[in-house]
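A quick write-up on the structure given underneath.
Letters go in sequence order (proteins before strands), and every chain restarts at 1.
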Amino acid sequence: MSDNIAVRMAPSPSGFLHVGAARTAIFNYLFARHHGGKFIIRVEDTDEKRSSEEMIQAILEGLKWMNIDWDGEIHFQSKRFDVYREHALNLLNDDKAYYCYCTPDELNEKRQKAQKEKRTFLYDRKCRDLSDEDRAAMDAEGRRKVLRIKMPIEGEGSFDDVIAGTLKRDYRELDDWIIMRPDGRCTYNFCCVVDDHLMGISHVIRGNDHITNTFKQVVTYDALGWKRPVFAHIPLILGKDKSKISKRHGAVSVTEYRNQGIFPETLFNFLSLLGWNPGDDREIMTRDELIEAFRLERISPRNAVFDPVKLEWMNSEYIRRMDDNELLDKARWSLIEAGLTTRLSIESHWKWHLRVVQLLKERVKTLNDFPRMARYFYTDEFDYDEKGQKKHFFKEPDDSLDMLKRFRDELSRVGDDFRQDEIEAALRGLSEKMHIKPALLIHPTRLAVTGMTGGPGLFELMELLGKEKCLQRINRAIEYIQQKPD
RNA sequence: GUCCCCAUCGUCUAGUGGCCCAGGACAUCGCCCUUUCACGGCGAAAACACGGGUUCGACUCCCGUUGGGGACGCCA
């Protein structure tokens with residue numbers, strides 16, 4: 001019923017997938033899938049100076065990582081100049097465009113003059129009404145020429161936008177812009193119209209920084225006798241200081257979030273909720289739920305600030321809901337990369353590593369938190385937390401030493417399978433004998449065994465570490481306290 | 001500067017004239033749970049930018065001010 005729905009993402013090759021572009025892609029994707037329409041990718045590389053294969057690959061990789069799939073082949077505008085030229089020339093034949101012989105230098109001079117006089121620069125249409133003789137003379141001189149479209153000189157242009165409503169603009173603020181360069185390559189605004197029409201794009205969903213372009217583009221549709229698509233200009237993503245998000249705001253490319261240990265599902269979910277909401281209180285939503293709920297009309301017209309803190313929270317929600325085995329499968333790489341373990345170890349001792357992940361699952365926000373918080377499971381090389389040692393080792397060093405030594409001796413009597421209930425019984429038994437609260441024993445022990453003041457339950461953590469490791473680390477702490485001159 | 005857009009808690013937002021002395025989420029702060037850290041539970045603080053209208057009644061409609069953003073290329 002809606003098989004005539006088609007949308008596109010039109011990235012210009014910038015070298016990486018920006019979160020703003022990613023969110024535009026997501027909205028297009030969600031809209032297409034909701035309606036069972038097509039989602040096309042068209043690379044806007046008409047300016048070959050600024051394009052390269054690597055840059056395009058980076059963008060495509062970002063999309064693939066977020067599992068955003070597109071329909072059909074990827075289109076490259078750089079391969080379609082002939083098509084654009086043909087339509088540009090049609091406009092010339094229909095007297096809806098004309099050749100302009102003004103040089104960039106002349107134009108720049110006028111532009112600067114206008115700037116100095118605090119006027120908006122608009123092309124003065126010097127060449128719009130050149131006579132055939134004038135043109136012939138210029139051509140005879142071999143002067144370079146561009147093709148400009150004839151925009152209405154006065155009156156009001158307008159178009160309907162799903163998000164912003166009816167937008168109007170006085171034609172006196174728009175000039176006859178260039179549609180084709182001297183070498184026959186057409187420019188963005190023109191190529192965009194031609195492609196959107198030829199590719200059957202029904203809805204143009206893009207950033208609202210394109211609104212000015214749209215006034216130019218709708219005139220082009222009309223001049224070509226083509227039906228306008230539906231426009232939906234989505235608000236921009238802002239940084240913390242409320243200016244358009246950029247590198248100085250921290251991470252802007254999806255790759256950076258991947259490197260920070262954020263799941264693609266999280267970023268997808270988070271970005272889809274920036275400027276849009278399903279109309280109820282849901283926030284953690286599966287892709288299918290998002291597709292089902294997505295409505296263009298519910299996109300807010302307001303710019304939105306990107307909040308990385310909420311992104312991390314959302315990621316922690318995904319972690320907690322994830323199956324343990326799957327989580328280990330994802331976390332293993334950061335553990336390996338941090339040099340804490342090896343692929344072989346994880347594969348051959350899956351159950352043990354799985355236990356590590358289970359103990360940390362409730363406490364991490366990103367995949368990168370695993371190596372940080374699991375260090376002591378993998379290596380003896382860790383320092384004691386600064387505040388922790390002051391409080392649990394050196395506040396009453398003699399007491400700490402006494403407790404640690406007595407607990408060590410209790411522990412050595414626990415069976416070699418070192419079950420957590422037995423460890424706990426040993427500790428609580430000792431605390432009773434000493435007439436002290438268990439916590440007084442627990443804190444120094446935790447610090448001795450993990451170097452940290454927080455973490456998973458002490459007894460389950462010790463069981464996983466094993467008897468030998470625990471005794472060894474407690475002894476090490478005892479020496480550490482004895483050696484430290486106070 | 002000109003033009004366009006926007007304006008609810010710090011942030012993301014709900015709200016389309018009475019249901020709102022404004023609801024949810026993140027963050028913050030308390031309390032509970034607890035060996036710690038988290039999780040979880042309960043609770044607190046926190047917003048309709050301002051000024052005029054319209055209306056019996058405005059967060060919701062209109063105008064203006066202020067603030068913010070964007071666009072002003074032979075870039076996309």
Look through every strand shown and name the nucleotide pairing with [N] as Watson-Crick or G-U wobble, where both distances are under 3.5 Å.
| N | result |
| --- | --- |
| B/G73 | none |
| B/A44 | B/U28 |
| B/G18 | B/C56 |
| B/C37 | none |
| B/C50 | B/G64 |

Using a heavy-atom cut-off of 4.0 Å across all strands, would you classify [X] as base, sugar-phosphate, or nothing?
| X | answer |
| --- | --- |
| A/C102 | base |
| A/P235 | nothing |
| A/I178 | base |
| A/L122 | nothing |
| A/T103 | base |
| A/K168 | sugar-phosphate |
| A/R206 | nothing |
| A/P456 | base |

Side chain of [X]: nearest nucleotide among [options]?
| X | options | result |
| --- | --- | --- |
| A/Q77 | B/U36, B/A76, B/G68 | B/A76 |
| A/T120 | B/C74, B/U2, B/A25 | B/U2 |
| A/R320 | B/G40, B/C74, B/G24 | B/G40 |
| A/K242 | B/C39, B/G1, B/G68 | B/G68 |
| A/N189 | B/C12, B/A25, B/A76 | B/A76 |
| A/L107 | B/U35, B/G73, B/C74 | B/C74 |
| A/V146 | B/C74, B/A38, B/A76 | B/C74 |
| A/R181 | B/A25, B/C74, B/G40 | B/C74 |
| A/W313 | B/C4, B/C26, B/C37 | B/C26 |
| A/D209 | B/A76, B/C74, B/G70 | B/G70 |

Can the ring centres of [X] and [Y] be said to be less than 6.0 Å apart?
| X | Y | value |
| --- | --- | --- |
| A/H353 | A/Y378 | yes |
| A/Y123 | A/W177 | no |
| A/Y171 | A/F215 | no |
| A/F190 | A/Y84 | no |
| A/F27 | A/F294 | yes |
| A/Y188 | A/H210 | yes |

Looking at [N], I'd like to know if its phosphate oxygens (OP1 or OP2) sit under 4.0 Å from a side-chain N or O belonging to [X].
| X | N | answer |
| --- | --- | --- |
| A/R111 | B/C74 | yes |
| A/R298 | B/G15 | yes |
| A/R169 | B/C72 | no |
| A/N277 | B/A14 | yes |
| A/K391 | B/U36 | no |
| A/K244 | B/A71 | yes |

Checklist entry - If each of A/D281 and A/E173 is mapped to the nucleotide of RNA chain B with the nearest heavy atom, which maps nearer the 5' terminus, i.e. the 5' end? => result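 On the 5' side of the pair lies A/E173.
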Checklist entry - With nearest nucleotides of RNA chain B determined for A/K240 and A/G457 from heavy-atom distances, which residue corresponds to the more 5′ nucleotide? => result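 Between the two, 5'-proximity favours A/K240.
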Interatomic distance at [atom1], [N] relative to [M], whole Å:
| N | M | atom1 | value |
| --- | --- | --- | --- |
| B/G51 | B/C56 | P | 23 Å |
| B/A22 | B/U35 | P | 40 Å |
| B/U28 | B/A45 | C1' | 9 Å |

Next on the checklist: Check for me: is A/H210 stacked on B/G70 by the 5.5 Å centroid and 30° plane-angle rule?
Outcome noted: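 No, aromatic ring not over the base.
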Checklist entry - If you measure from the Lys or Arg side-chain nitrogens to the Asp or Glu carboxylate oxygens, is any gap between A/D369 and A/R363 under 4.0 Å? => result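 So A/D369 does not pair with A/R363 through a salt bridge.
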Checklist entry - Would you say A/D45's side chain and A/S78's backbone share a donor-acceptor pair under 3.5 angstrom? => result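 Confirmed, A/D45 side chain pairs with A/S78 backbone.
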Next on the checklist: Taking donor-acceptor contacts at under 3.5 Å, does the side chain of A/N213 reach the base of B/A71?
Outcome noted: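 Not at all, since no donor on one side and acceptor on the other fall under 3.5 Å apart.
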Checklist entry - In whole angstrom, what separates A/K310's NZ from B/C12's C1'? => result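 Rounded to the whole Å, the gap is 5 Å.
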